[in-house]
Number of protein chains: 2
Amino acid sequence: MSPAEHPDHDRPVTDAAAVGPATGDGPEPPLPDADAAIVAGGAPPSARVPLDRDRIVSEALVFLEEVGPGGLSMRRLGKRLGVEAMSLYRYVPGKEDLLDAVVESLISGMYADPEVLSTPDNGWQDFLQRMAHGVRRVALAHIQAFPLVASRPPEAPWLRPPLRSLDWVESFLAGLTSEGFSDAAAVAAYRSFTSFLLGNLLLEVASHGADIGPLDVVDDGEEDNEALRQHPTVARLRADLAQDHSATEFEEALEQLLERIAATKVELADG
Amino acid sequence: MSPAEHPDHDRPVTDAAAVGPATGDGPEPPLPDADAAIVAGGAPPSARVPLDRDRIVSEALVFLEEVGPGGLSMRRLGKRLGVEAMSLYRYVPGKEDLLDAVVESLISGMYADPEVLSTPDNGWQDFLQRMAHGVRRVALAHIQAFPLVASRPPEAPWLRPPLRSLDWVESFLAGLTSEGFSDAAAVAAYRSFTSFLLGNLLLEVASHGADIGPLDVVDDGEEDNEALRQHPTVARLRADLAQDHSATEFEEALEQLLERIAATKVELADG
DNA sequence: ACCTGAACACCGTTCAAGT
DNA sequence: ACCTGAACACCGTTCAAGT
């Protein structure tokens, strides 16, 4: 498996990398002097949009999805925005803060999803179900970026991944209390809901990450065969284990979670 | 909160960093010329242990815990081992592989834990309980390193984080089938067990990561107050949310999981 | 007001050379 | 056999300078 590996720093990211906004990558005419700063994009070259924080953050998000974490550098991101890396520091204090902003924009982006309600209108179960599915859609749409949601240190104990947005935490807690949850029950539900989402979605996203060869990957060399010979049960259940049940797994686990929350709601009801 | 921040690249990691193996860090005598390559450690300086893969991996693990990911570089790790960075490449193909090795050694280290059995001797519930607690101990003992277990792409679909070790997956599956689980039931249990562990432990580890100020952190500036004013439910439940219930949360969730697995065992029983 | 050049202190990795 | 020096192609970030 490792012979085909090339660490990403000597793969120079196409080099003729995109400058200017997405042009629908058609067949590109050979450029006479390729290093020129401005390539005919669609907007006239003189109309230099002056760059702003939101544009940086959202470009970082799509770039991240293309090249993965570690493919994202301030210098490369600058290039994509038609600017030197140093310009980014006018709008963002540093790379760490950029990544935090990306993570927050990920979850905040859920506001645009009409399937997700910020307030219950058909019972709390429906409310939580929509929210869970909303986060799942976000995760699956951002395979590369989503793990950041878990790996970056949270800035407050009440922002549990993956719900790293004050707005959504507020929605969650206010929504449940408006549906008759006691404070204690709402907080307990928040805890179990977040750890349910984190575990399931991280695992699902990770499995999409490196799922290249499910079974007969040309020939894995002797190594893998030897490893499997020493782990007979894994070998026997290999096909089962490789199967992707993530969708139904998610639905079932969510169902169980809601039942459990319903029970806690009753237990922790206040007079 | 951000004024006190200094990106770790200009904090030069104590500089007089440890050279040579752990000497029990007693009071160190002032060295005349500190930059000399060999410091009296305990073993005679001439007895240069020739370095090997295991020593590198385990030193990386402890170093990681001290400086966090991003504080670990090949060059700094080399320095700690009394060697130039380039020497490491004799034993390890590259940094990525080193990190994978660290992750595997983390989980494999559970073999040393007498509380964890590699084979059930008192029913499968006891078996899984010991295993869950074993992984939890590993996670809590390696706050910095544990998240790597989730963020690194898995090399096979049958190695679901955090059980990223063929040996333990084999133990898990063989253990359950030996206790009367059908193949399908064992695989289902494996799936729910791993996502339970990942969600709970990642969250617990993350909360230990940046839990500096639970409530009145001197004064958070107007920003935080303003943010909380716009999120009244979060503000009201702040104290509740900040409380650490991880231990009992874990136990309760584990209990629920075992019940659910017991139900699946019956459902998926084969004739 | 907004961006850049040049510089600094780092990275991971290769390879010919040292002992 | 094992380690090192020097080099290469990158990093993040600062700051004085350009337009």
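Please read all numbers here as calculations on a predicted model, not as lab measurements. Letters A, B, ... mirror the listed sequences (proteins, then strands); counts begin at 1.
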Please classify the nucleic acid contact of B/S73 as base, sugar-phosphate, or nothing, using heavy-atom distances under 4.0 Å. sugar-phosphate
In whole angstrom, give the distance that lies between atom CG of A/D97 and atom C1' of D/dG12. 12 Å
In whole angstroms, how far is the C1' atom of D/dC10 from the CG atom of A/L77? 16 Å
Which whole-number value in Å describes the distance from A/E84 CD to D/dG12 P? 14 Å
A/E66/A/R80 ion pair, N-O < 4.0 Å: yes
Spacing between B/K95 atom NZ and C/dC11 atom C1', to the nearest angstrom: 8 Å
Could you tell me whether the side chain of B/E104 reaches within less than 4.5 Å of the side chain of B/D100, counting heavy atoms only? no
So, B/S246 versus B/D244: side-chain donor-acceptor pair below 3.5 Å or not? yes
Start at the 5' end of DNA chain C and walk down; is the nucleotide closest to A/S87 or to A/R75 reached first? A/S87
Rounded off to whole Å, could you give me the NZ-to-P distance for the A/K79 and D/dG12 pair? 12 Å
Does a nitrogen or oxygen in the side chain of A/Y91 sit under 4.0 Å from OP1 or OP2 of C/dC3? yes
Are A/E204 and A/L140 side-chain neighbours, meaning at least one heavy-atom pair lies under 4.5 Å? yes
Does B/R90 or A/L72 map to a spot on DNA chain D nearer the 5' end, using the closest nucleotide for each? B/R90
Report which part of the nucleic acid A/M86 touches: base, sugar-phosphate, or nothing (heavy-atom distance under 4.0 Å, all strands). base
Are there runs of at least three consecutive Watson-Crick or G-U pairs touching DNA chain C, with each pair's two distances under 3.5 angstrom? Give them by first number. C:4-8 with D:12-16, C:12-16 with D:4-8
Residue pair A/W168, A/Y111: steps toward the ring-ring contact (aromatic ring centres under 6.0 Å, His included) verdict: CA-CA 9 Å; A/W168 279 112; A/Y111 274 119; 4.8 Å; yes
Does a side-chain heavy-atom distance below 4.5 Å link A/L159 with A/E155? yes
Are B/R160 and B/P154 packed together at the side-chain level, in the sense that at least one heavy-atom pair is separated by less than 4.5 angstrom? no
If I take atom OH in residue B/Y89 and atom P in nucleotide C/dA17, what distance separates them, rounded to the nearest angstrom? 21 Å
Nearest whole angstrom, please: distance from the P of C/dC11 to the CZ of A/R76. 18 Å
Please report the distance, rounded to the nearest Å, between CE in B/M74 and C1' in C/dT14. 13 Å
